Amino acid sequence: MAVPVKVKHKVDDFVERLRSKAEDARTKSWLDLKNYIVLELSEENTELIGSFMNYLNSEIEKMRNSNDTNAKKGAIMAIDVLINVDVGNTSKTISRSENHLKDMLAKETDPALLQMTASVIGSLALRAGQAAGNIVDFQNNKAIEELSGERNEKNESRRLAAVLILRELALCTPTLFYQSISRFFDIIFKPIRDPKSLVRVQAVAALRAALGIVAQRENQEELFYKTCYQYCTMEYNAEQIAFEKVKPTRDDWLHGTLLIVEELLRCSSLEGEKLYDEVAAITEVQAAHDKQISKVVTVPRKISIPFMSSKPLRSTSSSDVTRLAVSELSADAQRKELRYESSSCCRLVTEHFNKLCKLVFSMKNNRNAFIQQTLVSLLPRLAIFQSAQFSKTYLKSAVVYLLTLLKRERDKGPLFISLGMVCVAVGKEIAPYLSEILEIISTSLPKDLSQKKQKSSTVEPAIFTCISLLSRAMGNEIHLSIRELIGPMLHVPLSPSLTSSLEDIARHIPSLRRDIKDGLLQVLSLILTGRPPMNPGGPRLAIQSAAVYDNAGLGHDLTNITLALRTLGTFDFEGHSLTKLLRHCAENFLASDNEEVRLEAVKTCSSLLTYTNKSHQSTQAQTVADVLNKLLIVGITDSDADIRRCVLESLNNSQFEQHLAQAENLASLFIALNDEKFEIRGIAMVMIGKLSKKNPAYVMPSLRKVLIQLMAVLEHSGIGRDKEQAANMVYLLVHNAPRIIKPYLDAIVDVLMSKLLETNQNVGVLTAVLEALGGVAEVGGQKMLKYADELLKVIEGMLEDSSSAHKQEVVIRTMGQVVASTGLVVEPYNKFPNLLMILLNMLVVEPEYSVRKEVIRLLGLLGALDPYKHKLNLGKIGGMESAGAVVLSMWEPGGERSDGADVTTNEMLVSMPTSTLDEFYPAVAIACMMRIINEPSLSQFHLEAVSGINTIFKSLGNGSVHYISQVVPACLKVMRENVSVRQFLFTQLSNVISIVKLHIKPYLADIFSIIDITWGSCLETPEQSENLQKTMIDLLRTTVSSIETEFKLYLPEIMPHMLKVFITDKSPQRTVIKSLLSAVQEFGLNLDGYIHLLLPPIMQLLDQQLIEKEVKILALKTVERLTDSLDLSEFASKIIHPIIRLLDSNTLSPLPADLCKQAMATLCSLMPQLGKKYRIFIPMVQKTLHRQKITDARYSSIVREIADGTMFTPAIRTPLSRSNTDADFASTPIRKEKQKIRKDDIIRACRGTTKVSKDDWIEWLRRFNLEVLKLSPDPSLKACYILAQSYQTVAREMFNAAFVSCWTELKEEDKKTLIGEIEKALDGQKIPEITQTLLNLAEFMEHCDTKGALPIRPALLGKQAVDCRAYAKALHYVEEEFHEYIKIEKEGGAKHSVGTSMELMEKLISVNNKLEQSEAARGVLLYAKKKTCDGGGSRDTVSVTPPSCLEGL
């Protein structure tokens, strides 16, 4: 078949560039090919797509069979593109790609090609779906077979390919790889000791990936780790490998041993790996910088695949831009090695730590380059893992070894890094060796820049990393030594390692922070402006003039400018005015001819704008406006799309909204809304949508016009890409300017629905339209109901299409949005019977985690479906006769009977004879909750039970005091036994204390004991327990406000933890410290005797520069509040000096107004307590206020009063006496607001639906129990409803009380209707469980103060009692019926036949016999005979008195 000319030319162009010798050209061709297939080819017809794919595959075949290595690389890159796009016949593409890669893996010998091939095979396995299992099994078996065979020179490339494949499969498909993990560990140690170093390195990389899989599972205990350790200790034996043609040498063997040891240490210390990652990140950035400086393109030793991590421009990472249709799958992201720490491996290494150290140090004299390199990398890991033991035994040897190598070796970079990491690991223990280390560092830095030799010399970047690590290890203890190094460091040309090091030094040695900032700012000013900054009063550092950089050349100059701009934008120059530099950067670098310089200038200007915009000075506000305008001009006119996008991304910040909302800036944004690049349009839409709240008068009319344009594109455009982008723009508009959507909701939905119903629609368009519809549904809410059925029908049809995981995820998410917005729960199951099975099946077979997550969310939104109704929907149940076989019974024979709970309820009612029902309801509800809390097997319901009790307490108010003795001890017991629920229970306990006040006193000792234990464990891991600490502090606040001065008794227990919070809370916002300070303000007089402990850490917060302003304000406010109740005059010096330092701390910019105001307020609150004593502080304070130009009227007034002697010392305010409040509190009656009962609902609940089978009746009873509880007017009973839904026993236990609460609120006619329904229920079934429940209800109501029992005929009750063998109840009701009969006779009522009386007596005899009450039965019989004899000839009436035996019954 002839190839269309269009296809041939296009493919030939891509292939020609993919074969290029230049790596950049190949990468760009890979990117262009991917974009073309996704954006353009997908719009073509199926025939043209097939032609393109076939012809491209034929060209790939030619490239991979070529002798040109670059052509083979191009073939692999083209295969990678085809794997990662959803265009054409994907199953055929997967099959073809697998064949190509298998052939290349079998034939190629070049290491770079082999790694590229292995990487793409990993990506193939990841994307293959159901075929992934076969691919993984084949490649696994093939690799293990290759490694199991005999080693020779010919199969070296096969061995390398095998370990590369194993690593990729372990990283990309861990679940499938784990199936053969045992076989992997049987064979992997052979290539780790391969004669070829590349094989060894890649084999240990495969081992690392496999150990990561094992660490996630830990089900083999230490089996695999022990295997690794055994191979570590295995001695080299030449005789064992004598048969091999290619034998590893002793050095090869030892190198493999060290590599295995390193992997064991990796798995044992996650903390150490984090430190390694930090250093690696700095090293990578520095390497990129060095490469740019040298302008030499070299192939790195470690083979990398750049095209795997590259992304086209359209797949922007901005979170504000909508998800695009085609998933830009990055193999690197899937292949990323996750860090896992294995407790089993940690135990093993700990046990054999000394042996491993001795093994490692035994090789330190080995001169083999690979062994030395691995040994240098190993030493820090050993030091990190067991720092104390390492410091004691091996530190000296390690430091001497590294220092010796530093003096001897030329490549000093790894040595400096290793030495620095060892310093961090051992901390202060490195002190004895500091002088020698600093000497080597000092000699490696330039000293006299006047010499040309010094100027041209280069400095190893790793030296700066070493200095950074050293400052982290020693902190302020070496500030003098580091100070001497700062000058030489600042004379070195700027580099990423240098700036990172300076940032770390400033962080860990605060005393040098100002010197570093000033010196670095001078360097940056010299590079960017050619002159030092004009900062009066700054330190005078001997910084070399700009001539230092004159000889660097144009390339160096541009690189230095780029790096200087990046440093200026990211380094924390707090306390420095950067306005001039901001203006200079905006005026000189935004218009640079170099794209990199312009890009960095944009980022730097936006960062400095954020910093400058915090000031409200008019001059700086004008600077912000001017620079913002320049940035917007660049964002519109720059020729580089990346720079335009960067401008808008940088300005998409809430801090700039006030400026951007100006008309001239909005006009610029609307121009950007029509940019040629979709990503830029998307960001502009996000920004304009947000600004519609700031300036609606300007924005809304233009946005309406844009919306109309978007609808026109969706409705009339024939290009799928345009429709996709228009739908995405609608999605962004909906989420950022929802107000504009509501008036046009119907029109928007009509257009989107029409696009959704089109046939042969592009996948990208479908997903974009669904995203937009989901957003519209969230805004429209109930207005979407009229579209819900049609929309859900379309979505349900898309669910089974598994061709695109991204499409499935969007479909499920959209259905969830529609259901959540419209409230259509359960109903979709009835309308679409197969929906539930589809969703459940997706949970089983769907490999993508994101899809399964959305399915679970959707199931939760849809709600629970009655299994019986589900089977009816599916047609599996044809009629009513089979229903009984389907619905599961709620009551199981032999299980706990519901009447047991009723008896308990009755007993409670009897035991409270003097109580009203209003007192009975909360008592029975709390008793039910407490039974659950006290039962360990019901721990899953404890939280709901406690929450229910809390609700009851809130409804009872003061009346809850009577139940404290039941509730609090049980809650404390649960808290002791279950650590995971403590935070929740602390919150509930706080609510209880706020209600019961002083009555909590008997339990405070136990409460504070638990707080003590919990807080102590929290301080060991403060980052993970931040919320728990805040919850406990809130509990303290509630407690102190409830018990006031009694709180002081428990302060000693919690004071140590409170003080540790100031040390351990290192979060950026210091949230725990904020919470604690707020609580301390409430402590008041309780702190008398303890305030000297708390004041120092509180005041130290003012001196910490990294702490945000809000924390300092809160600290000052705390001291101010404490002066109301405590005499702090003796601590005047501790308070005043930190405040003055704070006021005098900002020399370059004024102190924030609110912080300054609070500092003066705190000072003023202390002054009256000092009185005349304050006079000694007046000169110092006045000098500072004058220097900082601070004026405060209140302060001046108090100073005048003190000077005049008219100031008096105010009395300390104390809390009000609580002597009389306790009695008042206890005597306050229960105040409880009853809710109105919905009579129709309770009658409807009793009537239920059609009940045929036993299971129908049991389901009716279950629903009736829940509905009565739900409709109860009593808040205490209603609080049990949530728990009853998940634990049915609660509903059964509370049924009688709940029914009575409803019954008492009904009118007489409603009661009659309800009784009629209950009688129908009694007479309409023969199920013992149902009958017993209703009989128990009737009995319960006889005991209640409800003006009589249930008005149900005794005959009916007696008959039902006999039928369900409840003979005691039957006897009661038959007697009642007989007494009623006698009563009617006495009163001369209607005549009854003797036969009727005989029937009643027969019932009495029968029931008494069944109860084995033979004497009672005999008495009835005698009475019956007497009655017959007395009747004589007249059998019409009987008028006798029942014998005493019947009365006794």
Side-chain angles (χ1 to χ4, degrees), residues 11 14-20 23-39 41-42 52-66 68-105 108 110-129 131-132 135-136 139 161 164-165 167-169 171-173 303-312 314-315 326-336 805-806:
V11 173
F14 286 126
V15 169
E16 183 180 357
R17 290 189 288 148
L18 285 170
R19 300 171 64 105
S20 172
E23 182 181 341
D24 292 342
R26 291 197 303 273
T27 302
K28 189 175 186 308
S29 178
W30 170 85
L31 189 62
D32 292 343
L33 175 61
K34 190 171 188 177
N35 279 332
Y36 172 76
I37 293 177
V38 170
L39 302 178
L41 184 64
S42 59
F52 182 92
M53 292 296 184
N54 291 332
Y55 186 58
L56 179 58
N57 269 286
S58 66
E59 292 299 309
I60 290 174
E61 180 84 17
K62 294 177 183 177
M63 284 194 290
R64 72 177 182 82
N65 290 324
S66 169
D68 183 6
T69 301
N70 294 318
K72 293 179 180 179
K73 289 181 180 179
I76 299 172
M77 297 170 84
I79 294 171
D80 177 75
V81 170
L82 296 179
I83 290 171
N84 289 288
V85 295
D86 291 323
V87 177
N89 190 333
T90 53
S91 59
K92 187 176 181 181
T93 299
I94 293 293
S95 177
R96 282 176 171 177
S97 300
E98 184 183 5
N99 292 331
H100 288 316
L101 296 170
K102 281 181 182 178
D103 190 60
M104 293 191 72
L105 202 64
E108 296 303 328
D110 183 85
L113 288 175
L114 288 175
Q115 179 154 350
M116 291 178 69
T117 305
S119 297
V120 179
I121 287 177
S123 181
L124 176 70
L126 194 65
R127 299 277 295 175
I135 295 174
V136 173
Q139 294 296 343
L164 288 170
I165 282 293
R167 174 182 179 270
E168 293 299 327
L169 295 178
L171 292 175
C172 295
T173 57
I303 304 165
S304 62
I305 307 177
F307 64 87
M308 290 299 185
S309 58
S310 301
K311 288 187 177 183
R314 77 183 299 273
S315 60
V326 179
S327 173
E328 298 291 346
L329 178 64
S330 170
D332 274 354
Q334 303 292 335
R335 187 179 288 107
K336 183 179 180 181
H806 177 64

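Worth saying up front: this structure is predicted, and the values here are computed from it rather than measured. Below, each value reflects all heavy atoms present in this structure, side chains not excepted, and no hydrogens, waters or symmetry copies. In this chain, residues are counted from 1 in sequence order.
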Can you find a pair of side-chain heavy atoms, one from [X] and one from [Y], that are under 4.5 Å apart?
X	Y	answer
Leu82	Asn57	yes
Ile83	Leu126	no
Arg17	Asp32	yes

I need the [X] [atom1] to [Y] [atom2] distance, nearest 0.5 Å.
X	Y	atom1	atom2	result
Met104	Asn65	CE	CG	8.5 Å
Thr117	Ile76	OG1	CD1	3.5 Å
Leu101	Arg96	CG	CZ	14.0 Å
Gln115	Glu168	CD	CD	7.0 Å
Ile79	Met63	CD1	CE	8.0 Å
Leu105	Ile121	CG	CD1	4.5 Å

Taking all heavy atoms of [X] and all of [Y], pick out the closest pair and write down the distance.
X	Y	result
Ser66	Arg19	OG-NH2, 4.0 Å
Ile37	Val85	CG2-CG2, 3.9 Å
Val136	Ala125	CG2-CB, 4.1 Å
Asn70	Ser20	CB-O, 3.6 Å

Specify whether Tyr36 and Phe14 have parallel, tilted or perpendicular ring planes, treating 30° as the upper limit for parallel and 60° as the lower limit for perpendicular.
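It falls in the tilted class, 30° to 60°.
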
So, Arg26 and Glu23, do they make that salt bridge, N to O below 4.0 Å?
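Between Glu23 and Arg26 there is no salt bridge, as every charged N stays at least 4.0 Å from the carboxylate O atoms.
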
Taking Glu61 first and then Arg64, would you say they form a salt bridge - that is, a charged N and a carboxylate O separated by under 4.0 Å?
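Salt bridge present between Glu61 and Arg64.
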
The test is side-chain contact (heavy atoms from CB on, under 4.5 Å); show your working for Lys92 and Asn54 and say whether it passes.
CA-CA 10 Å; Lys92 187 176 181 181; Asn54 291 332; 3.9 Å; yes

With a 6.0 Å cut-off (strictly less than), is the heavy-atom count around NZ of Lys28, excluding the residue itself, greater than 12?
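Atom NZ in Lys28 is not crowded, with 12 or fewer foreign heavy atoms closer than 6.0 Å.
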
Name the residue from Ser119, Ser97, Ser123 that meets the side chain to side chain contact (heavy atoms under 4.5 Å, CB included) definition with Asp80.
Ser123

Using distance alone, with no hydrogens and no angle criterion, decide if Asn99 and Asp103 have a side-chain donor and acceptor under 3.5 Å apart.
no

Any sub-3.5 Å donor-acceptor pair from Thr173's side-chain atoms to Leu169's backbone N or O?
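Yes, the answer is positive, given that a donor and an acceptor are paired below the 3.5 Å cut-off.
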
